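Data block below; observations after.
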Amino acid sequence: MVKERIGVLTGGGDCPGLNAVIRAITRRGMQYDFEIIGILNGWKGLIDNQTIPLDLAAVSGILPKGGTILGTSRTNPFKNETDLAKLKKNFKALGLSALIAIGGEDTLGAANRLYREEKIPIIGVPKTIDNDLSCTDYTFGFDTAVNIATECIDRLHTTAESHHRIMVVEIMGRHAGWIATYAGIAGGADIILIPEIPIDVDEVCSLIDKRHKRGRSFSIVVVAEGAKLKEGAEVLQEQQLDEFGHVRLGGIGERLGTIIEQRTGYETRVSVLGHIQRGGSPTAFDRILGTRFGVKAADLVKNKQFGKMVALSGIKIISVDLQEAVKELKTVDKEIYDIAKVFFG
Ligand code: F6P
């Protein structure tokens, strides 16, 4: 009997836990007697027909590895008609009966359109360090990024304290302040600034002053890369947009550090954590979440429940409509930010 062939791809920014998902899809798929095909470099691999077989040997030993063994890209398959036509032709030529797309808002947004407009049978798996996808409590990769950022804040604490300095730490997360809020709480930040709430510089400086007046000679200011000053726009690294129309954020830390030093007179230094937050081995939490997502994704394929995304709801893995998941970004909720604020200043 001919085996069912299932394609798997990883798109968008890489993150720790991707290999756990790939391994879980492959292992569960083998139980269902599926033939699993890895598509290289996100949607680009389906446009260019670049694949590898995913079998026991291919996924052996990859669980603790960061990044993705399939490679990734920020290719948008809807950018032009020719690429879309090639993608559809290759999907057919490869004899795929389903596709599992592991990605964030862009990859899953494209997956949703391919399912709805092109009738390609697709399942989505939510990935991103930013944790900004709706309909799931957490995306995998987020926990690892939070742990890395927390460790960095711990390290900055000791040097800030020794030198009596203000340390500004710029943290990733795009237009959502999840990593900044969680790592800030875990690392005991004195101020956390996120995209959801424009920065009031007067308030930041007065919080720092208040701390100094009560005898603390250093402060840790966590700022999310997407945060903006009350009277300004997001700070960008470059003007060019990516294929999905996204800006490249970065630089708010430096801008804020300069203002804080000028206004308070306290010596200030800035650290930009950057891609360190995305690299390396996943935490146990992300390995387990990725594994559970991967098993569930293969189960959905087996049951032919397409157009769905696997998700975490409380402690349960569920499936939700892809359409709902990509409708709007999940930003930081007030409840958690209010907890962070208890410790400001
Ligand atoms: O979406 C994940 C993320 O790391 C964001 O936090 C960040 O803004 C962006 O990707 C960086 O993208 P790139 O890897 O293309 O520089």
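Keep in mind that this is a model prediction, so the values were computed, not measured. Heavy atoms only: backbone and side chains are in, while hydrogens, waters and symmetry mates are out. The residues of the chain are indexed from 1 along the displayed sequence. For ligands, and for the atoms within them, numbers begin at 1 and follow the listed sequence.
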With a 4.0 Å cut-off on N to O distance, would you call K88 and E118 a salt bridge?
yes
Pairs meeting criterion ring-ring contact (aromatic ring centres under 6.0 Å, His included) with involvement of residues 216-262, two or more places apart:
H157-F218
What protein heavy atom lies closest to atom 9 (C) of ligand 1? Include the residue and the distance to one decimal.
R74 NH2, 3.8 Å
To the nearest 0.5 angstrom, please state how far the CZ atom of F140 sits from the CD1 atom of I102.
6.0 Å
Heavy atom of D130 under 4.0 Å from ligand 1?
yes
Check for me whether H275 has a heavy atom closer than 4.0 Å to any atom of ligand 1.
yes
More than 12 heavy atoms of other groups within 6.0 Å of Q239 CD
no
Show me the pairs that pass side chain to side chain donor-acceptor pair (under 3.5 Å) and involve residues 269-280, at least two apart or across chains.
D14-R278, E267-R269
Does ligand 1 have any atom sitting under 4.0 Å from a heavy atom of G104?
no
Are any of the N/O atoms on G173, whether in the backbone or the side chain, positioned under 3.5 angstrom from an N/O atom of ligand 1?
yes
List ligand 1 atoms under 4.0 Å from R174, heavy atoms only on the residue side.
6 (O), 8 (O)
From the options Q277, K127, R278, select the one whose nearest heavy atom is closest to atom 11 (C) of ligand 1.
R278
Looking only at protein heavy atoms, what sits closest to atom 8 (O) of ligand 1 is E225 OE2, 2.5 Å
Honestly, for I129 the part within reach of ligand 1 (heavy atoms, under 4.0 Å) is side chain
I'd like to know if E105 pairs up with R174 as an ion pair, taking the criterion as any Lys NZ or Arg NE/NH1/NH2 lying under 4.0 Å from an Asp or Glu carboxylate oxygen.
yes
Do we get K330 above W178's six-membered ring, with its NZ or CZ under 6.0 Å from the centre and within 45° of the axis?
yes
